[in-house]
Amino acid sequence: MEPATGVKTEEAIRFSDRVNRIGASPTMVVLQAADQLKSKGVDVADFGAGEPDFPTPEHIKRAAIQALEENRTKYTPVPGILALRQAICEWHARELGSSYQAAECVVNVGGKHSIFNAVCSLINPGDEVVIPAPYWVSYPDIVKYAGGTPVILETTAEDNFVLRAAALEKLITPRTRMVIADSPSNPSGAVIPPDEYAKVLAVCQRKGVWLLADECYSHFTYGDAKPFSIASVPGSKGALIVVGSFSKTFAMTGWRLGYVLAPQPLVATITKLQSQSTSNPTSIAQYAGLAAMRGPMDSVATMLAEYARRRERIVAGLRAIPGVTCTAPQGAFYVFPNISAHFNSEMPNDTAVAKLLLEREHVAVVPGEAFGAPGHLRISYATSMERIDEGLRRMSRFFGRAK
Ligand code: PLP
């Protein structure tokens with residue numbers, strides 16, 4: 001039924017099959033529910049956010065202000081200014097041991113856009129894309145949008161959610177076109193050990209499958225895990241698509257800046273796609289990104305040290321709650337505890353747990369189902385120690401009462 005205004009209802013609008021195949025990001029749904037409570041003045045312990053709680057470093061903000069003052073506010077080349085592409089390649093070589101040239105780099109409107117562009121440039125209907133679970137929520141939807149079929153590879157908490165080459169090989173069929181791996185992982189914090197990652201790459205090379213390596217959290221690793229790029233492995237370039245982002249490393253989520261490093265013909269095709277969609281990423285954000293790539297890395301070390309402290313506290317706090325088990329994440333800024341021992345008739349799954357946790361204790365977390373890993377909750381520790389302690393108190397009370 002069309003309302004009297006003549007404006008069509010959602011049902012009356014014929015949306016494309018393409019867009020009907022995907023859902024809204026579940027993490028956004030949780031954030032919205034938490035925001036609604038906050039807007040009513042409720043004190044929410046918010047562990048939903050997938051973004052640093054630190055401000056963008058000063059030298060990066062200055063560079064954007066200077067770009068504005070110098071009127072660098074016009075279109076730039078579609079793949080980004082040459083200086084930035086060169087600086088990304090130099091930074092990546094310096095920090096992560098790769099060897100890319102500017103022609104093998106395209107700058108996009110965030111890492112999500114980089115993945116979207118790469119997948120849409122390569123995946124045809126019927127193509128299979130292997131995605132290890134727990135996975136970042138957008139991977140399957142981006143693949144579906146492109147017409148591809150996500151093939152989910154289960155990893156286990158007992159094995160710290162690490163993607164294993166042997167398990168991957170078993171899932172590869174003649175239709176497999178790509179494997180998407182993020183290390184460190186959102187939501188599990190898993191880090192693929194370099195020798196295992198090299199085996200994953202070798203499987204992809206042997207089978208003629210692209211490896212899309214999402215390095216969004218590359219610089220947030222703990223303990224023995226160190227920043228590592230599979231692009232540092234000699235001979236990796238032909239099968240590899242590196243996706244990087246300024247969002248987490250430099251606390252720049254709102255600037256929307258990410259990049260792809262890949263063989264030149266793929267970069268050229270992504271640039272073509274970008275030329276018919278977003279065009280260049282925002283010019284002043286690019287100049288900010290240039291300062292990030294050329295500037296000091298001490299702000300990253302400062303953030304990492306703080307994340308490491310919080311990680312200790314939250315892992316210990318969660319493990320102290322009866323019926324909650326929790327692997328120690330090796331990277332990123334999330335913990336992914338298993339809370340399935342608390343399932344009962346009132347809360348039979350993790351989505352129900354997350355809902356009740358928000359309603360009763362005003363604690364915002366994302367249910368594991370959203371990441372293809374039922375029984376878990378994703379808890380972001382990109383929040384202050386004080387909020388972590390408060391949240392732990394509330395979760396102890398909640399699970400204590402629920403038992
Ligand atoms: N990849 C992973 C694993 C992420 O967690 C995110 C953001 O949460 C992204 C990519 C995309 O980040 P952005 O688009 O802000 O660069």
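Throughout, numbering of the chain's residues begins at 1 and tracks the sequence. Start at 1 and go down the list; that is how both ligands and their atoms are numbered.
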Item to check | For atom 15 (O) of ligand 1, the protein heavy atom that lies nearest, with its residue and separation | outcome: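 Among all protein heavy atoms, the one nearest atom 15 (O) of ligand 1 is S247 OG, 2.6 Å.
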Next on the checklist: Looking only at protein heavy atoms, which one is nearest to atom 8 (O) of ligand 1, and what is the separation?
Outcome noted: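 For atom 8 (O) of ligand 1, the nearest protein heavy atom is K248 NZ, 2.7 Å.
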Checklist entry - Are side-chain N/O atoms of Y100 and Y259 paired as donor and acceptor at under 3.5 Å? => result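 Checked: Y100/Y259 side chains show no N/O donor-acceptor pair below 3.5 Å.
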Next on the checklist: For ligand 1, which is the ligand I care about here, please tell me if N186 has any N or O atom under 3.5 Å from one of the ligand's N or O atoms.
Outcome noted: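 N186 vs ligand 1: N/O contact under 3.5 Å present.
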Checklist entry - ligand 1 and I115, any nitrogen or oxygen pair closer than 3.5 angstrom? => result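 Between I115 and ligand 1, no N or O pair is found under 3.5 Å apart.
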Checklist entry - Is there a salt bridge (Lys or Arg N to Asp or Glu O under 4.0 Å) between E58 and R62 once you walk through the steps? => result CA-CA 6 Å; E58 211 51 43; R62 291 278 134 230; 3.5 Å; yes
Using a heavy-atom cut-off of under 4.0 Å, does the side chain or the backbone of [X] touch ligand 1, or both, or neither?
X    : result
W255 : neither
Y217 : side chain
R256 : side chain

Item to check | ligand 1 atoms in contact with D214 (distance to a heavy atom under 4.0 Å) | outcome: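 Listed by number with element, the hits are 1 (N), 2 (C), 3 (C), 10 (C).
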Checklist entry - Are R310 and Y381 in a cation-pi setup, meaning NZ or CZ lies under 6.0 angstrom from the ring centre and within 45 degrees of the ring axis? => result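 No, cation not above the ring by the 6.0 Å, 45° rule.
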Next on the checklist: Show the nearest heavy-atom pair for residues I123 and G148, with the distance to one decimal.
Outcome noted: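 Between these two residues, the closest heavy atoms are CG2-CA, 3.6 Å.
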Checklist entry - What about the rings of Y222 and Y307, do their centers lie closer together than 6.0 Å? => result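 That pair fails the under 6.0 Å test.
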